[in-house]
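A, B, ... follow the sequence lines: proteins, then strands. Residue 1 opens every chain. As the structure is a computational prediction, the values presented were derived from the model and not from experiment.
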Number of protein chains: 2
Amino acid sequence: MIEKEIRVAVIDDEASIRESLRHWCNWQTGFQCVGAWQTVPDALAAIPWIQPQVLLLDLHLADSESVESIPALKSKVPDMAVMMLTGEDDYYWVEQALQRGADGYLTKKNATDLLARAIRDVLLGGSPLTPDVSRKLIAAHINASPDSARLDQLSPRERMVIAKLAEGMVYKEIAEHFGISIETVRTHSRRIFKKLNVGTKTEAVLKYLKSIRPNGAPPGC
Amino acid sequence: MIEKEIRVAVIDDEASIRESLRHWCNWQTGFQCVGAWQTVPDALAAIPWIQPQVLLLDLHLADSESVESIPALKSKVPDMAVMMLTGEDDYYWVEQALQRGADGYLTKKNATDLLARAIRDVLLGGSPLTPDVSRKLIAAHINASPDSARLDQLSPRERMVIAKLAEGMVYKEIAEHFGISIETVRTHSRRIFKKLNVGTKTEAVLKYLKSIRPNGAPPGC
DNA sequence: ATACGGATCCCCCATTTGTGGGACTTTTGG
DNA sequence: CCAAAAGTCCCACAAATGGGGGATCCGTAT
């Protein structure tokens, strides 16, 4: 039945926490820790071979590294669940993490007694959040369109570029339109993709249209 | 100054008209006829080498061949102007031709006295239309979304595919979603592009969204 | 002064896309 | 039943795209 144990991996730069999570997993029945890395790059290199089902990701890795890396991590193992672990419940990071594809978000203080259940929940498609997190999430969601805000992260030039993308123009046409190199357009697009957290022109355009007219004015306007 | 003459080409299956247009061009000062073909395939083979500036295209080639071929012709010589010539002013064909990239549309009866000016106009970026044509164009435009009709030219499967494209999915994802080969998805897409008269996924999605909700409901609905 | 974001451009590389064929089976409408 | 349309799959090739670097220049903020 070692085959049926839930394969859990850990990323935490703090050795003590990392190790205690590892030991906790292996001690719990039904879980096995298949990896525990200190840094995201280490994990990125390993998880494609390890194929964990759940990744416990510490929010406290140097500044925003952990949150930024969620898309990359999930792309390596698409149906791996990412569970954020954090000490504080700074809502800014909650939002950032969830927008980037985190599946759960637990504050560490009450993590240990909830973690086993949370891991099982997340594998069943749930989004386990500790109560303090979900309270803030709900509060923020009643009046905010999470994606619209992303647009003002775009620089003026990037806005001009995505506007043209949203007219169906290809890179070469946009370059000619603005009298710049196609390489510049590609650079702008790559940054737009990163900021909008998408991977293709079409996805970017869809998010752009949603953001620019959440109420739904015709594309021609 | 033979270099500064406007290079005109003709496609017309009726020999008498074709020849009279050729002679007319060469007789007019400032024009030279650089080609006169009976069929579209003949022209397609020749124009890349000839590089005409203006192509006079008879609408009366066997059924829809001439209109259908406008995109192909323009793709061979991207900045060549295509001027439609027709006896009648059946608005259906006017619309079809303009949608496919025709730059001008003249009815033959009053063509000869306007043709010289129309050719010069079209090269300056204008869209010369005989009055009867423009009247119908305007009438049709006040209350019609010309593109919406195009969607029901799509087969059921093609509609399913473009619906997924409009969710930002890439070919491989669509293939997996429907459990078919990526080649099949590509084939569907090619036919969708042809029917919607576009060249890229993004353009297709934009037309699709416009057609599916001309009033502009949010993409999420 | 110097660090930083924005804008510009360049190279490389793997993958995806767009386009042209062709071919086979299954529906479907006369 | 037969022809047309739809759906499926394949090959091949050029172009476009999506990332990954890195580099330069210019303002502005620190």
Side-chain angles (χ1 to χ4, degrees), chain A residues 40-41 44-45 48 63-64 68-69 71-76 78 151-165 168-205 207, chain B residues 40-41 44-45 48 63 68-69 71-76 78 152-166 168-207:
Chain A
V40 169
L44 279 174
D63 33 305
S64 64
E68 296 289 349
S69 62
L73 289 163
K74 298 210 75 164
S75 74
K76 298 285 183 185
L151 265 204
D152 48 52
Q153 296 186 357
L154 299 185
S155 76
R157 201 54 157 174
E158 286 163 354
R159 264 191 283 271
M160 295 168 73
V161 168
I162 198 172
K164 293 305 166 190
L165 286 177
M169 290 174 79
V170 297
Y171 293 159
K172 197 196 291 186
E173 292 169 337
I174 297 175
E176 285 163 6
H177 177 80
F178 290 131
I180 60 180
S181 157
I182 190 176
E183 289 301 325
T184 309
V185 178
R186 276 152 54 75
T187 302
H188 284 319
S189 300
R190 259 184 300 137
R191 300 201 174 130
I192 291 171
F193 294 172
K194 191 156 288 186
K195 288 180 179 176
L196 296 188
N197 188 222
V198 296
T200 68
K201 239 191 313 186
T202 308
E203 273 186 296
V205 167
K207 279 214 175 184
Chain B
V40 169
L44 279 173
D63 32 305
E68 296 289 350
S69 62
L73 289 163
K74 298 209 77 164
S75 75
K76 298 287 182 183
D152 48 54
Q153 296 186 356
L154 299 185
S155 76
R157 201 55 157 176
E158 285 163 354
R159 263 189 283 270
M160 296 169 73
V161 168
I162 198 172
K164 293 305 165 191
L165 286 178
M169 291 174 77
V170 297
Y171 293 159
K172 197 196 290 187
E173 293 169 335
I174 297 175
E176 284 162 6
H177 181 268
F178 290 131
I180 58 180
S181 157
I182 190 177
E183 288 302 325
T184 308
V185 177
R186 277 151 55 76
T187 301
H188 285 319
S189 299
R190 247 177 320 139
R191 298 195 177 137
I192 291 170
F193 294 172
K194 191 156 285 185
K195 287 180 180 176
L196 296 188
N197 190 223
V198 297
T200 68
K201 242 192 311 187
T202 308
E203 274 187 295
V205 167
L206 288 169
K207 280 214 174 183

Gap separating the CG atom of Leu165(A) from the CD1 atom of Ile174(A), nearest 0.5 angstrom: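 Here the interatomic distance stands at 4.0 Å.
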Rounded to whole angstrom units, what separation is found between the [atom1] atom of [X] and the [atom2] atom of [N]?
{"X": "Leu196(B)", "N": "dT19(C)", "atom1": "CG", "atom2": "P", "answer": "13 Å"}
{"X": "Met160(B)", "N": "dA6(D)", "atom1": "CE", "atom2": "P", "answer": "15 Å"}
{"X": "Lys194(B)", "N": "dA5(D)", "atom1": "NZ", "atom2": "C1'", "answer": "16 Å"}
{"X": "Glu158(B)", "N": "dT8(D)", "atom1": "CD", "atom2": "P", "answer": "10 Å"}
{"X": "Ile180(B)", "N": "dC24(C)", "atom1": "CD1", "atom2": "P", "answer": "20 Å"}
{"X": "Met169(A)", "N": "dA15(D)", "atom1": "CE", "atom2": "P", "answer": "20 Å"}
{"X": "Glu183(A)", "N": "dG18(D)", "atom1": "CD", "atom2": "C1'", "answer": "12 Å"}
{"X": "Arg191(A)", "N": "dG22(D)", "atom1": "CZ", "atom2": "P", "answer": "13 Å"}

Nearest to side-chain heavy atoms of [X], which nucleotide of [options]:
{"X": "Phe193(B)", "options": "dC10(D), dG18(C), dT8(D)", "result": "dG18(C)"}
{"X": "Arg157(A)", "options": "dT8(C), dC9(D), dA6(D)", "result": "dT8(C)"}
{"X": "Pro156(A)", "options": "dG6(C), dT17(D), dT8(C)", "result": "dG6(C)"}

Do Leu206(B) and Val205(A) come close enough that some side-chain heavy atom pair is under 4.5 Å?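 The answer is yes, as the side chains (C-beta and beyond) meet within the 4.5 Å cut-off.
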Taking the side chain as C-beta and beyond, is there a heavy-atom pair between Ile180(B) and Arg157(B) under 4.5 Å?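 In short, these two side chains touch, coming nearer than 4.5 Å.
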Both Arg190(B) and Lys201(B) contact DNA chain C. Taking the nearest nucleotide for each, which residue is further toward the 5' end?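 It is Lys201(B), whose closest nucleotide lies nearer the 5' terminus.
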Looking at the base of dC9(D), is there any donor atom on it, or on the side chain of Thr187(B), that sits under 3.5 Å from an acceptor on the other one?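 Pair found.
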What about Arg186(B): does its side chain form a donor-acceptor pair under 3.5 Å with the base of dG18(C)?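 Flag set: donor-acceptor pair detected.
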Looking only at side-chain N and O atoms, does [X] come under 4.0 Å of OP1 or OP2 in [N]?
{"X": "Tyr171(B)", "N": "dT15(C)", "value": "no"}
{"X": "Ser181(B)", "N": "dC10(D)", "value": "yes"}
{"X": "His188(B)", "N": "dT8(D)", "value": "yes"}
{"X": "Lys172(B)", "N": "dT16(C)", "value": "yes"}

Minimum heavy-atom separation for Glu203(A) and Gly199(A), please, with both atom names.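 Of all heavy-atom pairs spanning Glu203(A) and Gly199(A), the closest is OE1-N, 3.2 Å.
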Is a side-chain donor or acceptor of Glu176(A) paired with a backbone partner of Glu173(A) at a separation under 3.5 angstrom?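 Checked: no pair found.
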